[in-house]
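Working notes for the structure below.
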Amino acid sequence: MIHLRSVQKSYRRGAESVLACAVDRLDIAAGEQVALVGRSGTGKTTLLHILAGILRPDSGEVEIVGRRLDTLSEAQRDRHRGRHIGMVYQTFNLLQPFTALENVLLGALFGRGADSQARVRAEALLEQVGLGDRMHHRPRELSVGQVQRVAICRALVNDPEVVLMDEPLGNQDKATGGQVLDLLLQIASHGKKTVVMVTHDPESAKRMQRTVDLATLRGEIAVGGGR
Ligand SMILES: Nc1ncnc2c1ncn2[C@@H]1O[C@H](COP(=O)(O)OP(=O)(O)OP(=O)(O)O)[C@@H](O)[C@H]1O
Ligand SMILES: [Mg+2]
């Protein structure tokens with residue numbers, strides 16, 4: 001479902017180039033639930049953005065849900081993401097003028113369409129994460145943990161084949177985080193979804209089928225600190 005080969009992404013800052021992410025090889029099968037771990041600054045967010053098609057790698061091959069993203073244009077990658085990939089951003093990226101329900105429906109608009117069925121799905125998801133009585137609140141009228149749960153609903157509303165999540169439970173208390181993870185894994189298993197979840201929490205990582213440490217993916221590239 002996900003295949004990466006010799007992927008590298010650097011950011012240029014003036015004359016300087018910062019190697020943000022290097023993956024020699026990564027394969028994730030359809031339906032696998034993977035925890036992505038690694039120290040702060042090792043490139044986890046950069047990798048998720050490459051998988052989502054938000055960023056294009058400088059070199060290497062990226063295949064996800066049957067498409068080679070590295071050969072697609074930005075508009076093609078955006079369409080592919082809308083149809084097949086649900087993304088929970090580390091910074092949530094909810095739109096402030098819109099309510100929780102509208103933010104989830106905006107996710108549908110970029111995917112299968114914000115029709116009446118999408119509204120039913122959006123409302124059901126918000127209910128399931130405990131926000132049934134907060135659907136018409138705007139992000140600033142929600143707690144950080146609640147905003148994060150809205151972002152999870154937005155990622156799931158299109159029933160995507162792949163769900164990419166950047167520390168989706170980082171602002172939840174233990175009990176709520178456990179419940180939301182239960183729900184996520186239940187939805188993922190039931191829908192045979194492939195899940196890649198960045199987490200710093202060893203307990204959450206243990207609940208996934210496999211843990212991938214970004215530091216181990218660099219292969220030969222890591223030797224000598226880049227090339
Ligand atoms: N726009 C940018 N310009 C220059 N360097 C950047 C830029 N964005 C990220 N970086 C650098 O790239 C590296 C990888 O960043 P990334 O956000 O992917 O790390 P991360 O593993 O997600 O970290 P964290 O666990 O703190 O979220 C970092 O060392 C960071 O300083
Ligand atoms: Mg990050």
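Whatever order the structure lists ligands and atoms in, that order sets their numbers, starting from 1.
Applying the 4.0 Å criterion to heavy atoms of Arg13 picks out, from ligand 1, the atoms 4 (C). Set against the non-hydrogen atoms of His200, the atoms of ligand 1 under 4.0 Å away are 25 (O).
Taking 2.8 Å as the criterion, Thr45 counts as a coordinating residue of the Mg ion (ligand 2), since one of its N, O or S atoms falls below it. For a distance bound of 2.8 Å, the N, O or S atoms of Gln90 include one lying that close to the Mg ion (ligand 2).
Contact of the Leu185 side chain with the Met208 side chain is registered, since non-hydrogen atoms from C-beta on lie closer than 4.5 Å.
In this structure, Gln117 places its CD atom where only 12 or fewer heavy-atom neighbours from other residues, nucleotides or ligands lie under 6.0 Å away.
Judged by distance alone, with hydrogens and angles left aside, the side-chain atoms of Gln172 form no donor-acceptor pair with the main-chain N or O of Leu169 at under 3.5 Å. Using modelled atom types, one side-chain atom of Asn103 and one backbone atom of Leu95 make a donor-acceptor pair closer than 3.5 Å. Distance alone, capped at 3.5 Å, is enough to place a donor-acceptor pair between the Arg77 side chain and the Leu72 backbone. Of the possible donor and acceptor atoms, none in the side chain of Glu127 sits under 3.5 Å from a partner among the backbone N and O of Gly132. At distances below 3.5 Å, at least one donor-acceptor pair connects side-chain atoms of Arg154 with backbone N or O atoms of Phe92.
In terms of polar-atom proximity, Thr42 is counted as a contact of ligand 1, with an N or O under 3.5 Å from an N or O of the ligand. At under 3.5 Å, a nitrogen or oxygen of Ser40, whether backbone or side chain, sits near a nitrogen or oxygen of ligand 1. At least one N or O atom of Gly43, backbone or side chain, sits closer than 3.5 Å to an N or O atom of ligand 1. Residue Gly41 has at least one nitrogen or oxygen atom sitting less than 3.5 Å from a nitrogen or oxygen atom of ligand 1, judged on distance alone.
Within the structure, ligand 1 lacks Gly38 among the residues with a heavy atom less than 4.0 angstrom away.
The protein atom (non-hydrogen) at minimum distance from atom 15 (O) of ligand 1 is Thr46 OG1, 3.8 Å. Of the protein's non-hydrogen atoms, the one nearest atom 17 (O) of ligand 1 is Thr45 CB, 3.6 Å. For atom 25 (O) of ligand 1, the closest non-hydrogen atom on the protein side is Lys44 NZ, 2.7 Å. In this structure, atom 27 (O) of ligand 1 lies nearest to the protein heavy atom Gln90 NE2, 2.9 Å. Of the protein's heavy atoms, Ala20 CB, 3.3 Å lies nearest to atom 12 (O) of ligand 1. For atom 8 (N) of ligand 1, the closest non-hydrogen atom on the protein side is Tyr11 CE1, 3.3 Å.
In summary, Asp27 and Arg5 engage in a salt bridge, as defined by a charged side-chain N under 4.0 Å from a carboxylate O. Look at Glu203 and Arg207 and you find no salt bridge, because none of the NZ, NE, NH1 or NH2 atoms lies under 4.0 Å from a carboxylate O.
Looking only at atom types and distance, the side chain of Thr176 has a donor-acceptor partner in the side chain of Asp173 under 3.5 Å away.
Not a single protein heavy atom sits closer than 4.0 Å to atom 31 (O) of ligand 1.
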